[in-house]
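Data first, discussion second: the structure below is written as structure tokens.
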Amino acid sequence: QVQLVESGGGLVQAGGSLRLSCAASGSGFSINAMAWYRQAPGKQRELVASITSGQRINYADSVKGRFTISRDNAKNTVNLQMDSLKPEDTAVYYCNAAVVIPTEYRSLQVWGQGTLVTVSA
């Protein structure tokens, strides 16, 4: 059993900051990559930022320079520091992990429950 637990969402004024956290729990697995996605009402889900086990990072153009993703491989934790928030950042943010279970010769995508970020003008 692998679970992702998210925290840190909330309501913030434009220009403010929030820090999202996501922790993977369970045993018998490894994680190749972790990522944050977001989905605003009426819009397509989009990748916000991703980070591999080797610390290779990618950001969506819309958040470059404002968001920072980080990962602690030993703790199976990924964070997203969001600064200079804009109203268009309002969305449900989802944590994602690419999980490998070697004893079962299986890989899978695991998703968190989502956390709502609302940025007011």
Side-chain angles (χ1 to χ4, degrees):
Q1 303 277 4
V2 181
Q3 288 184 307
L4 301 179
V5 180
E6 302 159 331
S7 62
L11 174 65
V12 66
Q13 187 80 285
S17 298
L18 286 173
R19 184 175 179 86
L20 306 182
S21 296
C22 173
S25 62
S27 62
F29 68 90
S30 62
I31 299 176
N32 290 334
M34 302 187 79
W36 289 95
Y37 289 78
R38 68 186 181 186
Q39 188 165 22
K43 293 187 176 182
Q44 196 84 271
R45 185 182 66 182
E46 66 173 345
L47 176 66
V48 178
S50 65
I51 183 168
T52 69
S53 59
Q55 303 292 323
R56 181 169 295 183
I57 294 172
N58 287 295
Y59 293 102
D61 288 340
S62 59
V63 306
K64 286 181 179 177
R66 300 188 299 118
F67 291 10
T68 303
I69 190 170
S70 61
R71 176 176 177 174
D72 186 330
N73 292 337
K75 297 180 180 179
N76 285 327
T77 299
V78 64
N79 302 302
L80 186 68
Q81 178 66 43
M82 304 185 294
D83 298 319
S84 301
L85 283 161
K86 304 175 181 179
E88 51 263 44
D89 295 319
T90 296
V92 177
Y93 285 70
Y94 297 93
C95 180
N96 170 267
V99 176
V100 175
I101 305 176
T103 57
E104 298 181 3
Y105 304 97
R106 186 164 68 98
S107 62
L108 69 159
Q109 296 287 325
V110 180
W111 293 89
Q113 77 281 6
T115 184
L116 177 63
V117 172
T118 303
V119 184
S120 62

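Numbers here are sequence positions counted from 1.
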- Just how far is it from atom CD1 of I69 to atom SG of C22, taken to the nearest 0.5 Å? 9.5 Å
- Query: Do V117 and L20 come within less than 4.5 Å of each other through their side chains, counting heavy atoms only?
  - Reply: yes
- Task: Show your reasoning for whether side chain to side chain contact (heavy atoms under 4.5 Å, CB included) applies to I101 and L108.
- Result: CA-CA 8 Å; I101 305 176; L108 69 159; 3.9 Å; yes
- Between N79 and Q81, a side-chain donor and acceptor under 3.5 Å: no
- CG/N96 to CG/L4 distance, rounded to the nearest 0.5 angstrom? 7.5 Å
- Message: Any carboxylate oxygen within less than 4.0 angstrom of a Lys/Arg side-chain nitrogen, looking at K64 and D61?
- Response: yes
- Nearest-0.5 Å distance, SG of residue C95 to OH of residue Y37: 11.0 Å
- Query: Is the side chain of E6 donor-acceptor paired with the backbone N or O of G114 at a distance under 3.5 Å, no angle test?
  - Reply: yes
- Beyond-backbone contact of D89 with R38, side-chain heavy atoms, under 4.5 angstrom: yes
- Message: Would you say L18 ends up clustered with L11 if hydrophobic residues are merged whenever their side chains have heavy atoms under 4.5 Å apart, either directly or through other cluster members?
- Response: no
- So if you build clusters from Ile, Leu, Val, Met, Phe, Trp, Tyr with side-chain heavy-atom gaps below 4.5 Å, do V63 and I57 land together? yes
- Message: Please find the pair of heavy atoms, one from A91 and one from A40, that lie closest to each other, and give the distance.
- Response: CB-N, 3.8 Å
- Query: Is any side-chain heavy atom of M82 closer than 4.5 Å to a side-chain heavy atom of L80?
  - Reply: yes
- Message: If we ignore hydrogens and angles and just use 3.5 Å, is the side chain of T90 paired with the main-chain N or O of V119 as donor and acceptor?
- Response: yes
- Note on the structure: In short, T52 meets R71 closest at the heavy-atom pair C-NH1, 3.2 Å
- Task: Would you name the heavy atoms of P102 and G28 that are closest together and state the gap between them?
- Result: CD-O, 3.8 Å
- Query: Can you find a side-chain donor-acceptor pair between S53 and N32 that sits under 3.5 Å?
  - Reply: no
- Side chains of R56 and N58: is there a donor and an acceptor less than 3.5 Å apart? no
- Query: Of all heavy-atom pairs between Q13 and S120, which one has the smallest distance, and what is that distance?
  - Reply: OE1-OG, 2.7 Å
- Any side-chain heavy atom of L85 sitting closer than 4.5 Å to one from F67? yes
- Taking the side chain as every heavy atom from C-beta outward, state whether F29 and V110 have any pair of such atoms under 4.5 Å apart. no
- Message: Counting neighbours of CD on Q3 that are heavy atoms of other residues, nucleotides or ligands and sit closer than 6.0 Å, is the number greater than 12?
- Response: no
- Message: With clusters defined by side-chain heavy atoms of hydrophobic residues (ILVMFWY) lying less than 4.5 Å apart, directly or transitively, does V78 cluster with V2?
- Response: yes
- Geometric class of the Y94/W111 ring pair [parallel <30°, tilted 30-60°, perpendicular >60°]: perpendicular
- Query: Does the side chain of M34 come within less than 4.5 Å of T77's, by heavy atoms?
  - Reply: no
- Heavy atoms of A98 and Q109 approach each other most closely as CB-NE2, 3.7 Å
